[in-house]
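Below is one structure, written out as structure tokens, with a few remarks after it.
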Amino acid sequence: MKLHPLVLALGLIPLVGCGGSDSSCPTPPPVADTTYSVRAVDGYLRGALVWLDLDGDFQPDVGEPVAISGEGGVAILDVSNTPNPENYSVVVKAIVGETVDEDTITETNPEGVATTTSFLLSAPAGQTVITPLTTLVNIKMHNGLDQQQATTEVATDLGIAEELLLGDYIAAEQADIAAKANALVELDLLPESELQMQEISQDASSLNEQLESNLETVQSLTQEQRLIVDEDGNVIVATNIDSDDDGIIDEKDAFPEDANEWSDSDNDGFGNNSDAYINDA
């Protein structure tokens, strides 16, 4: 049956009204975000374990959003079952042999160098850039300070402007801040495990003492420098130069003129990359 033109017109009226400026039309509910993007930084950390710490125990528990960081240190967490993810802290774990600091990725060494030590990073709730600096702030907060007090203390201790402390110093090209943040990793000030993070969050006195003994050196670091600790435990301020472009600065490189080698675990004169027995001299 062919409908009368008037019937057709009447049938279209509601659609035309809701598509226009009619305020009587219902407003559709907002679409909830189902992902939460965060960034893991020493340099940008690729291949790190990242999770939203819903219960505050620094453990990647069942049911907590978990991801592996990719290029640029970015991790995309699935928070479809986690309302208000900004209410929780993010924890990052650098994994030995898997996590790569993108500072070590070069034209000569495009794969970069995997970390040889584990360490954990964290940040106050709502912070999406997770660094050694945000870790100190978060630890101080767990030890009784509010975020403003903790930020002020860390900024003052390290000689960094407060407004820059919790940001992405790599993207902002603040190489002097990067040097200070990296020094915290080199000095082994950061917790190596979830258990150690729990312990430090309850009592950070040992961390504070260790930082205090090196504070003047860390404060003085410039963008051209990096702090390293040699095999004998000596703290050295080195020039940030990488002669063979393998991603490891000369002062830390066992083979500073060989782009294919940078470590010699057993001190037998053969680099680990070509040594079949890296722990047998």
Side-chain angles (χ1 to χ4, degrees), residues 39-49 68-74 92-119 121 131-133 168-190 192 214 217-281:
R39 191 184 295 271
V41 189
D42 173 13
Y44 292 140
L45 296 175
R46 184 183 300 184
L49 184 66
I68 299 296
S69 61
E71 185 176 346
V74 173
V92 173
K93 184 174 185 177
I95 303 170
V96 172
E98 297 182 19
T99 303
V100 172
D101 186 329
E102 289 188 357
D103 283 352
T104 67
I105 295 177
T106 66
E107 185 174 348
T108 303
N109 184 16
E111 299 300 318
V113 180
T115 182
T116 57
T117 58
S118 292
F119 59 89
L121 305 176
T131 74
L133 306 176
D168 184 346
Y169 47 79
I170 302 296
E173 298 183 348
Q174 295 159 335
D176 57 330
I177 298 179
K180 295 175 180 181
N182 179 254
L184 303 179
V185 178
E186 291 292 325
L187 288 167
D188 289 330
L189 292 178
L190 303 180
E192 297 180 1
N214 293 284
T217 302
V218 176
Q219 285 177 341
S220 67
L221 290 172
T222 68
Q223 61 182 1
E224 296 88 8
Q225 297 174 324
R226 289 293 183 272
L227 182 149
I228 66 170
V229 179
D230 67 15
E231 294 179 353
D232 298 321
N234 300 310
V235 176
I236 299 170
V237 175
T239 304
N240 189 21
I241 294 176
D242 178 13
S243 298
D244 55 9
D245 192 44
D246 61 0
I248 303 298
I249 65 172
D250 290 358
E251 198 72 36
K252 292 180 65 178
D253 195 337
F255 305 89
E257 302 297 332
D258 183 352
N260 297 311
E261 299 286 357
W262 46 84
S263 298
D264 181 10
S265 298
D266 53 12
N267 295 310
D268 62 357
F270 295 93
N272 287 1
N273 292 336
S274 59
D275 192 342
Y277 305 94
I278 62 174
N279 294 310
D280 183 357

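Every pair passing salt bridge (charged side-chain N to carboxylate O under 4.0 Å, His left out) that includes a residue from residues 97-109 is listed here, sequence neighbours excluded: R46-E102. Sorted by first and then second residue, the salt bridge (charged side-chain N to carboxylate O under 4.0 Å, His left out) pairs with a member in residues 257-272 form an empty list; sequence neighbours excluded.
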Could you go through V100 and E111, starting from their C-alpha distance and side-chain angles, then the distance that decides it, and tell me whether this counts as side-chain contact (heavy atoms from CB on, under 4.5 Å)? CA-CA 8 Å; V100 172; E111 299 300 318; over 6 Å; no

I would like to know whether N273 and W262 meet side-chain contact (heavy atoms from CB on, under 4.5 Å); could you show each step before the answer? CA-CA 8 Å; N273 292 336; W262 46 84; 3.5 Å; yes

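To the nearest 0.5 angstrom, I236 atom CD1 is 11.5 Å from K252 atom NZ. In this structure, OG1 on T99 lies 6.5 Å from CG on L45, to the nearest 0.5 angstrom. Atom CD1 of residue I105 and atom OH of residue Y44 lie 12.5 Å apart, to the nearest 0.5 angstrom. Of the inter-residue distances, the one linking Q174 atom CD with K180 atom NZ reads 11.0 Å to the nearest 0.5 angstrom. Summarising the geometry, atom CD1 belonging to I241 is positioned 13.0 Å from atom CG belonging to D253; distances are rounded to the nearest 0.5 Å. Residue N109 holds its CG atom at 6.5 Å from OG1 of T104, rounded to the nearest 0.5 Å.
Residues L49 and I68 form a side-chain contact, since some pair of their non-hydrogen atoms from C-beta on lies under 4.5 Å apart. Residues P132 and L190 have side chains in contact (heavy-atom distance under 4.5 Å, counting atoms from C-beta outward). Side-chain contact between L184 and L133: present, with at least one pair of heavy atoms (C-beta onward) separated by less than 4.5 Å. With contacts defined as side-chain heavy-atom distances shorter than 4.5 Å, the pair E186/N214 does not qualify.
With hydrogens and angles disregarded, no donor-acceptor distance shorter than 3.5 Å links the side chain of S263 to the backbone of S265. Checked by atom type and distance alone, the side chain of D232 never pairs as donor or acceptor with a backbone atom of N234 at under 3.5 Å. Between the side chain of D242 and the backbone N or O of D246 there is at least one donor-acceptor pair closer than 3.5 Å. The backbone N or O of P256 lies less than 3.5 Å from no partner atom in the side chain of S243, so there is not a single donor-acceptor pair. The closest donor-acceptor contact from the side chain of Y169 to the backbone of D42 lies under 3.5 Å.
A donor-acceptor contact closer than 3.5 angstrom links the side chains of D245 and T108.
Applying the salt bridge (charged side-chain N to carboxylate O under 4.0 Å, His left out) test to K93 and every residue at least two apart in sequence or in another chain returns E194.
Scanning all heavy atoms of the two residues, the minimum distance from V218 to A183 falls at CG2-CB, 4.2 Å. Looking at every heavy atom in both residues, L221 comes nearest to A179 through CD1-O, 3.6 Å. Between F255 and F270 the shortest heavy-atom distance is CZ-C, 3.9 Å. Taking every heavy atom of both residues into account, R226 and A175 meet most closely at NH1-O, 4.0 Å. Here the closest non-hydrogen pair linking N240 and Q223 is ND2-O, 4.4 Å. Here the shortest heavy-atom pairing between S69 and G73 reads CB-O, 3.7 Å.
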